[in-house]
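Structure record follows, encoded as C-alpha cells.
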Amino acid sequence: MEVTQFTYFQQVGGIDCHPVAVEITYGMERLASYIQEKENVFDLEWVEGVSYGDVFKQPEYEHSKYTFEVSDAAMLFQLFSTYEAEAKRAMDQNLVFPAYDYVLKCSHTFNLLDARGAISVTERTGYITRVRNLARQVAATYLQERERLGFPLLKEGRFAMAKDLLLEIGLEEVPARFVRAAMDQLKDKTVKWLNDSRLSFEEVRAYSTPRRLAVIVIGLADKQADVNEEVKGPALKIAKDAEGAWSKAALGFGRSQGVDAESFVVREVANVEYIFANKSSVGVETSSLLPEALPALVTSLTFPKNMRWGAYDLRYVRPIRWLAALHGSEVVPFEITGVKSGNVSRGHRFLGADATIDNPAVYVEALKEQHVIVDVAEREKAIQEGIGRLAAERGWHIAVKEDLLEEVLFLVETPTVLTGSFDPAFLNIPQEVLITSMREHQRYFPVLDSEGRLQPHFVTVRNGDGLSIDVVAKGNEKVLRARLSDAKFFYEEDKKLVIADALAKLENIVYHEELGTVADKVRRTRAIADKLAQALRADDSVRADVSRTADICKFDLVSQMVYEFPELQGIMGEDYARKAGERKAWRAPSTSIILRAMPATIRRRRSSEPSSASPTRSTRSRAASRSASCRPARRILTRCAAKRPALSVPFSHTAWSCRCPSCSPSRWRFMPNGD
C-alpha cells in the first residue's frame, strides 16, 4: 500500500511559494490501514473493541444520502452566493481569516451542488473560476497584510526573504519583427545585471506583446551576497624597496583594491612570496539598487530603428507610455521621459482596461482578465490550435509559414483565428502571386488542397475576441479583393510585355556604377555560360539553350509584378517565358530562369507547394547500384556515367559531381521538375 506520496504546493492562490511547501497526501486513515494491515477502512480499530465503521459508517451513509438525493439545490445556490458575498465583504475590511473561512464554505457548497448534478458542464467551469478568484484575492490580501506587519514570523538571520520583481515597459505598437529580439535582449540584460550585482534569483521570465516588454525575476534575494576574497598582488621583492618600505607598485595595488598597505598579507606561491589584499564587502539591500538599475536597464535596450518624441532626447523603438515596476508589492520609483513607474498596466486597447498589479506573481493572470495574453508561448499555442481546428473542420491544408506565424504572433494580444474567401476567378493568376500578395500585404495564411493547389479561401488572425467575427471576415475579404485586383492588373499588363523589349529596358537599369547596367551583367553571364557549355562539350542544341537562358534570365526585372513583389523574380520570369513560347524541354530556358533566382526562390516555392522531386527509396537503390561506375570529378564532369551532359552542375560549386538521377539523387530537390 502506498503511503509515502507527497503534494508539493508550488503556488498558493496563484502566488509562487518560496520555498515550495509540501504535505503528506494521504490522511491518517491510510496510514492506519498500513499499520493495522486492514484492507477496508471501516475495519480499522478505533479503540479496543470498537471499529472505525462503528463510529463513522452510519454518518457516512447519511451524509452520502443527503448529498446525492436530499439536499435542496435552490438553497445551496443561495448559500454559495451568500458565502461569496460575505468573503468579499470580509476582504474589504482586511479580515483575511474570516474571508478564507467563507471561501472554504463556497468550495464545499460547490461540491454539494456538483454531486447533486445541479450544475451543467458550462456552469461548472464558471463556479470553479469564482472559487479560484476568491482564493487568489485572499492569498494576495494575506501576503500584503503580512508584508505590512514586516513578516513577524521570520526570525532575523534565519531566512533570506526573497521577493519577485516585475518590470514592464509599456509602448506604442512595436513593429512585429523587433519584438522577440527586444524581449530576449531585456531578459539577457536583466540576468547579466543580476549576476554582476551579486543578486541571487531562481528564474527570469520574459513576456511581450505588440505594446509591452516585460520581465519577472522569480525569487530575487533581498540583498546582495557579501564578498570576502583574497586578491593576489605583486611579488614581495617588488612590493618593498631596499629600505623595506612599501613601493609605489604595492601602494598602487592597495589603492586599486580599496585596502591599506598595513592589511597586506604575504603568502608563498611556487616558492615566490607575493602580497595579498583581503577584500570584504557587505551586500546592500536590493531595494536600494533597483531605482537606479531599472531605468538604466530600460534605456540600454537597442533596436534596429529608433525614434524621438516630444521634447525628449531619448531614442527608442516607440514612445514609452507606461512603466510598471514592482519589488514584491512595493513600487520601484523612477521616471523616464516624463513617465513615472507604478503598479498599473494596460489591458487590450479596445477590449480591456487598466490592470492594477498587486504583486508580480499575479501579473500574467491580471492582464489575461483584461484580454491580454502576455505569455508568447501561450499566444502561439492559441493561434496554432485555432488554425488546426479550422483545418480539421473544413478539411483544408493551411500553409503556415514560420516567419509569417512569427510576425502574426507579435501583431496580436488576444488572438482569434478566422477565415474568409475570395473570387475563384483570381485563381487564373499564378498561385505564387496570390500567395505572396496574401502573405506580404495582408498577413494571411493561404489554404491549399491535398495536391498543393491554392483554394479561394484564406485564414487570418484577429487581435480581439470572436464578437462580430463575420463582419471582420467581410472587411478582410474586401481589402483582399482590392489587393488581388491589383495583382491581376499587373499580371495582365505583364503578359503584353515582349521579351525583346524587356531586354532593351535592362540597358537603362544600373546594376553597379563600376560594373555597368543589368544588361552588361547579363552579357557577362552569357559569356561565362557559353564557356562552361563548351568546356562540358555540350552538343549544339544544349549550347543554344544555355545561351538563350543567359540572355533572358533577368528580363522579368522590368515587369510590374516583380517591381511590386521582388521575391517573385525568376518565378514570374518562368511563367512569362513559357507564355512567350520558350521551349519547355527539361533544358528549356523557361525552367532555367527560376534557377537564376535560387536559393531564396526555391525555399518560397517549397513552402507553398508539395514537393514531387524527392527521390523514392527505389530510385535511391537504383542510384546506389550504379554508384560504383560514377567517379566524382575533381573539377567539372563533362559527362556522367549515364552519358548525360552534366549541365546542372552549379557554377559556384565546381567540386560537385553530376546531378543526374544516376549519380546524386540526394540533390534532386534543388532541380525543378525532378531534373
Side-chain angles (χ1 to χ4, degrees), residues 7 9-21 23 74-114 119 123-154 161-166 168 216 218-219 322 324-332 341-348 351-372 374:
T7 298
F9 293 90
Q10 300 182 61
Q11 285 190 336
V12 174
I15 298 175
D16 289 341
C17 294
H18 304 291
V20 174
E23 72 172 14
M75 180 270 295
L76 293 175
F77 278 119
Q78 184 178 354
L79 277 179
F80 185 94
S81 298
T82 301
Y83 293 150
E84 182 182 36
E86 194 64 11
K88 292 179 179 178
R89 195 171 75 87
M91 276 188 286
D92 290 340
Q93 302 297 320
N94 286 328
L95 300 175
V96 180
F97 292 99
Y100 181 61
D101 283 344
Y102 281 108
V103 174
L104 294 179
K105 291 178 180 180
C106 281
S107 178
H108 178 62
T109 306
F110 163 75
N111 289 334
L112 291 174
L113 286 166
D114 194 33
I119 300 179
E123 285 297 311
R124 188 175 187 274
T125 303
Y127 274 85
I128 292 174
T129 301
R130 288 165 68 179
V131 174
R132 286 180 176 173
N133 288 339
L134 285 176
R136 288 193 182 98
Q137 294 173 37
V138 168
T141 304
Y142 176 75
L143 183 61
Q144 292 172 19
E145 182 65 14
R146 302 307 292 175
E147 190 168 14
R148 185 185 68 81
L149 296 173
F151 297 104
L153 295 181
L154 289 177
M161 184 59 187
K163 299 178 183 178
D164 295 344
L165 171 68
L166 165 67
E168 182 191 50
I216 294 180
I218 306 297
W322 76 90
L326 286 173
H327 182 216
S329 61
E330 298 295 323
V331 173
V332 180
S341 60
N343 65 342
V344 177
S345 181
R346 297 184 185 178
H348 191 280
L351 302 177
D354 288 351
T356 300
I357 312 298
D358 297 320
N359 190 285
V362 303
Y363 171 73
V364 174
E365 291 300 324
L367 282 177
K368 194 175 293 184
E369 291 176 3
Q370 301 304 325
H371 304 278
V372 175
V374 293

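Basis for what follows: all heavy atoms, side chains included, without hydrogens, waters or symmetry-related copies. One is the number of the first residue; the rest follow in order along the sequence.
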- Report the C-alpha distance between I216 and L165 in whole Å, list the side-chain angles of each, state the deciding distance to 0.1 Å, and finish with yes or no for side-chain contact (heavy atoms from CB on, under 4.5 Å). CA-CA 5 Å; I216 294 180; L165 171 68; over 6 Å; no
What's the verdict on side-chain contact (heavy atoms from CB on, under 4.5 Å) for V374 and Y363, showing C-alpha distance, side-chain angles and the deciding distance? CA-CA 9 Å; V374 293; Y363 171 73; 3.9 Å; yes
Give the C-alpha distance, both sets of side-chain angles, the deciding distance and a yes or no for side-chain contact (heavy atoms from CB on, under 4.5 Å) between Y100 and Y142.
CA-CA 10 Å; Y100 181 61; Y142 176 75; over 6 Å; no
Given the rule in the side-chain contact (heavy atoms from CB on, under 4.5 Å) test, do L326 and N359 qualify, once you have shown the distances and angles that lead to the verdict? CA-CA 7 Å; L326 286 173; N359 190 285; 5.9 Å; no
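When every heavy atom of A139 is checked against every heavy atom of G13, the shortest pair comes out as CB-CA, 3.8 Å.
For L351, the side-chain contact (heavy atoms from CB on, under 4.5 Å) test picks out H348, H371, D465, with sequence neighbours left out. For S345, the side-chain hydrogen bond (donor to acceptor under 3.5 Å, both in side chains) test picks out E168, R212, with sequence neighbours left out. For D114, the side-chain contact (heavy atoms from CB on, under 4.5 Å) test picks out F110, R124, with sequence neighbours left out. Scored by the side-chain contact (heavy atoms from CB on, under 4.5 Å) test, A99 finds A90, M91, V138 as partners (sequence neighbours excluded). Annotation: side-chain contact (heavy atoms from CB on, under 4.5 Å) contacts of E123 (sequence neighbours excluded): I119, S120, Y127.
Pairs of residues two or more places apart, or lying in two chains, that qualify as salt bridge (Lys or Arg N to Asp or Glu O under 4.0 Å) and include a residue from residues 352-366 are E365-K368. Residues in residues 85-94 take part in these side chain to side chain donor-acceptor pair (under 3.5 Å) pairs, two or more places apart or across chains: E86-R89. Listed by first then second residue, pairs satisfying salt bridge (Lys or Arg N to Asp or Glu O under 4.0 Å) with a partner in residues 130-140 read E84-R130, not counting sequence neighbours.
Side-chain N or O atoms of D164 include none that pairs as donor or acceptor with a backbone N or O of P360 at under 3.5 Å.
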What pairs of donor and acceptor atoms, side-chain ones from residues 143-151 against any protein atom, are under 3.5 angstrom apart with sequence neighbours left out?
unit_1	atom_1	unit_2	atom_2	d
E145	OE1	R148	NE	3.4
E145	OE2	R148	NH2	2.6
E147	OE1	S329	OG	2.5
E147	OE2	K163	NZ	3.4

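Here the OG-CG distance, from S107 to L112, works out to 10.0 Å after rounding to the nearest 0.5 Å. Rounding to the nearest 0.5 Å places CG of L134 at 13.5 Å from NZ of K105. Taking CG of L79 as the start and OG1 of T109 as the end, the distance is 5.5 Å to the nearest 0.5 Å. A distance of 10.5 Å separates CG of L95 from OG1 of T141, quoted to the nearest 0.5 Å.
Two residues are said to be in side-chain contact when any heavy atoms from C-beta on lie closer than 4.5 Å; N343 and T356 meet this criterion. Residues F80 and V131 have side chains in contact (heavy-atom distance under 4.5 Å, counting atoms from C-beta outward).
Remark: Q11 CD is packed, more than 12 non-hydrogen atoms of other residues, nucleotides or ligands lying under 6.0 Å away.
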